[in-house]
Chemist: 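Sharing a structure, written as structure tokens. Questions coming.
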Protein chains: 2
Amino acid sequence: MIGQEADVYRQLKQYFSKYITVSDEQTSVFCSKFKHRRTKRGEVLLRAGEVAPYSYFVNKGCLRVYMMDAEGRESTRFLVFENCIGTAFPSFTLQEPSMAYIQSVEPSEILYITHKDFNEMLDTFPVWERIYRIDLEREYIASIRRIESLITMDAKQKYNMLMNTNPSLIQRLPSKIIADYLGISQETLSRLKSKK
Amino acid sequence: MIGQEADVYRQLKQYFSKYITVSDEQTSVFCSKFKHRRTKRGEVLLRAGEVAPYSYFVNKGCLRVYMMDAEGRESTRFLVFENCIGTAFPSFTLQEPSMAYIQSVEPSEILYITHKDFNEMLDTFPVWERIYRIDLEREYIASIRRIESLITMDAKQKYNMLMNTNPSLIQRLPSKIIADYLGISQETLSRLKSKK
DNA sequence: TTCCAGATTTGACAAATGTCAATAAATCAT
DNA sequence: ATGATTTATTGACATTTGTCAAATCTGGAA
């Protein structure tokens with residue numbers, strides 16, 4: 001049992017020490033702020049209008065951050081896979097009502113931390129701010145790449161890019177989600193796949 | 001003369017103390033790392049393929065970070081206006097060759113800092129890391145909003161949004177740049193403006 | 001002022017993509 | 001396994017947007 005519990009934080013600990021060295025004591029403190037839970041396929045963790053209370057680290061599975069327009073059409077803003085941390089970022093950071101939903105697209109195993117704990121750690125541990133800052137840089141760079149692809153590429157180019165950079169994503173997720181992640185209709189995506 | 005020199009850093013000092021309190025001594029150290037220069041209209045500060053050596057704070061004017069495809073078509077990734085800091089972010093941060101160009105679209109007055117100084121300050125001053133981290137959060141949130149608009153809106157919606165959130169930008173910049181910032185052709189933009 | 005270079009607008013047409021509807025395929029719960 | 005429900009594909013067509021070319025407008029230099 002102890003072995004199993006320890007295992008729950010194994011990936012998170014790796015995540016902390018990915019770019020910098022963190023002492024065992026600090027790692028323990030950081031982990032202690034994260035609670036563990038499992039989610040069901042399709043489970044909605046946050047609805048638009050709510051203030052995001054948590055940020056999520058994915059041990060296993062996949063979370064999807066998406067918006068819905070007045071006609072019920074969905075657009076996927078971000079996908080959070082194994083060993084990544086994510087949330088409805090503007091809402092979590094500014095503690096404002098969210099424009100986005102968060103949904104577990106697969107049965108998942110996640111660790112989550114409250115905004116309060118997250119920010120207290122920023123004030124208490126410079127190392128935590130360092131870890132977070134480096135993570136922000138990576139996330140921001142990824143979002144810049146995404147913006148570039150959205151303003152410069154047509155549907156086929158965007159799909160090919162995803163094939164090259166993230167082929168597992170295509171195999172794993174329903175094409176409906178791939179389509180609205182790319183900002184194209186599922187019919188267009190379906191045609192791209194057959195035509196090549 | 002002393003008064004004029006001090007004035008050059010006035011906006012930068014305000015920028016530092018926008019979200020947190022910074023001592024005068026620290027502010028002085030931070031400012032000392034930024035050099036001052038003026039740019040001409042159209043001047044190119046960075047070319048694709050080069051590693052971005054500097055990050056720029058704009059006192060006056062506007063910088064444009066843009067990409068160019070094989071056919072010479074340009075896409076504006078970001079615009080940096082007064083009292084904002086910006087650069088070819090992935091290149092500056094990772095010190096890799098840039099995919100983007102940086103150009104001064106107006107005669108501008110800027111302060112710039114080297115990557116080395118920037119990172120040394122991160123290791124020396126936790127306050128600097130804090131300032132940078134908060135700035136990253138804001139920039140990242142802005143980029144998320146931009147991604148949302150790119151995947152959910154058509155050309156007219158994107159233009160209307162820009163009109164509402166940033167009307168000065170439309171008056172100030174040539175419509176060619178507005179168009180490739182929105183990821184649409186200048187002809188489409190021109191038609192949108194006349195129709196509604 | 002006058003002229004020129006660049007920017008903007010407009011028109012005609014082509015290409016890409018979206019929408020709607022019907023069908024086929026896959027997945028889930030029982 | 002089997003039916004029910006969701007998801008994916010395909011076709012026909014409408015709409016949006018891009019492309020190219022020409023015309024018009026604009027601001028700065030001589």
Side-chain angles (χ1 to χ4, degrees), chain A residues 39-44 61-62 64 66-76 79 101 103-108 149-163 167 169-196, chain B residues 40-44 61-62 64 66-76 79 103-107 149-163 169-196:
Chain A
T39 62
K40 286 182 289 188
R41 183 185 131 86
E43 183 175 343
V44 174
C62 175
R64 171 180 170 241
Y66 66 100
M67 295 152 299
M68 200 182 293
D69 70 11
E71 288 84 35
R73 274 186 294 254
E74 298 178 356
S75 305
T76 296
L79 295 166
Y101 297 72
Q103 181 190 42
S104 175
V105 292
E106 302 172 356
S108 303
S149 72
L150 290 170
I151 58 179
T152 62
M153 296 181 181
D154 62 21
K156 174 172 278 180
Q157 290 173 313
K158 285 188 274 189
Y159 178 71
N160 288 341
M161 186 184 186
L162 195 62
M163 281 274 276
L169 190 151
I170 290 177
Q171 293 158 4
R172 187 168 168 179
L173 295 178
S175 65
K176 185 181 184 172
I177 290 178
I178 308 286
D180 64 44
Y181 178 73
L182 295 175
I184 61 180
S185 70
Q186 28 179 344
E187 293 93 336
T188 296
L189 177 61
S190 175
R191 290 179 175 113
L192 289 177
K193 286 198 284 189
S194 57
K195 274 177 198 163
K196 168 63 192 65
Chain B
K40 287 181 289 187
R41 184 184 131 86
E43 184 176 342
V44 174
C62 174
R64 173 181 169 241
Y66 66 99
M67 294 153 298
M68 199 183 293
D69 69 12
E71 288 84 36
R73 274 185 293 255
E74 298 178 358
S75 305
T76 296
L79 295 167
Q103 181 190 44
S104 175
V105 291
E106 303 173 354
S149 72
L150 289 170
I151 59 179
T152 62
M153 297 178 180
D154 63 20
K156 174 173 277 179
Q157 290 172 313
K158 284 188 273 189
Y159 177 71
N160 289 342
M161 187 185 188
L162 195 61
M163 282 275 276
L169 190 151
I170 290 177
Q171 293 158 3
R172 188 168 166 179
L173 296 178
S175 65
K176 185 180 185 174
I177 290 177
I178 308 287
D180 63 46
Y181 178 73
L182 294 174
I184 62 180
S185 69
Q186 30 179 343
E187 293 92 337
T188 296
L189 177 59
S190 174
R191 290 181 175 110
L192 290 177
K193 286 198 283 188
S194 57
K195 272 180 197 162
K196 153 77 191 27

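In what follows, chains are A, B, ... by sequence order, proteins preceding strands, each numbered from 1. Every heavy atom of this structure was used, including side-chain atoms; hydrogens, water molecules and symmetry mates were not.
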Chemist: ring-ring contact (aromatic ring centres under 6.0 Å, His included) with A:Tyr181: which residues, sequence neighbours excluded?
Modeler: none

Chemist: What residues, two or more places apart in sequence or in another chain, satisfy side-chain contact (heavy atoms from CB on, under 4.5 Å) together with B:Gln171?
Modeler: none

Chemist: In residues 170-177 of chain B, which ones come under 4.0 Å of DNA chain C, going by heavy atoms?
Modeler: B:Pro174, B:Ser175, B:Lys176

Chemist: Can you measure from OG1 (A:Thr152) to CE (A:Met161) and round to the nearest 0.5 angstrom?
Modeler: 8.0 Å

Chemist: Return the CG to CG distance between A:Leu182 and A:Leu150, rounded to the nearest 0.5 Å.
Modeler: 8.0 Å

Chemist: Which nucleotides of nucleotides 17-30 of chain D have their base under 4.0 Å from a protein heavy atom (B), which only their sugar-phosphate (S), and which neither (-), written as one string 5' to 3'?
Modeler: SSBB----------

Chemist: B:Gln186: what forms a side-chain contact (heavy atoms from CB on, under 4.5 Å) with it, not counting sequence neighbours?
Modeler: B:Lys176, B:Ala179

Chemist: Once side-chain contact (heavy atoms from CB on, under 4.5 Å) is applied, do any residues pair with B:Ser175, and if so which ones, sequence neighbours excluded?
Modeler: B:Leu189, B:Lys193

Chemist: Roughly how far apart are B:Arg73 CZ and B:Ser185 OG, rounded to 0.5 Å?
Modeler: 10.5 Å

Chemist: Does A:Arg41 have any side-chain contact (heavy atoms from CB on, under 4.5 Å) partners at least two apart in sequence or in another chain, and if so, which?
Modeler: A:Pro107

Chemist: Output all residues satisfying side-chain hydrogen bond (donor to acceptor under 3.5 Å, both in side chains) with A:Ser75, sequence neighbours left out; order by chain, then residue number.
Modeler: none

Chemist: Per the end-axis method with five pairs at each terminus, what is the bend angle of the helix from C:dT1-D:dA30 to C:dT30-D:dA1, to 10°?
Modeler: 50°

Chemist: According to salt bridge (Lys or Arg N to Asp or Glu O under 4.0 Å), who are the partners of B:Glu187, at least two apart in sequence or on a separate chain?
Modeler: none

Chemist: Could you give the start and end, 5' to 3', of the contact zone on DNA chain C for chain B, using atoms under 4.0 Å from its heavy atoms?
Modeler: C:dT8 to C:dA12

Chemist: Going by the rule ring-ring contact (aromatic ring centres under 6.0 Å, His included), which residues pair with A:Tyr159 if we only count those two or more places apart in sequence or in a different chain?
Modeler: none

Chemist: To the nearest 0.5 Å, how far apart are CD1 in A:Ile177 and CZ in A:Arg172?
Modeler: 11.0 Å

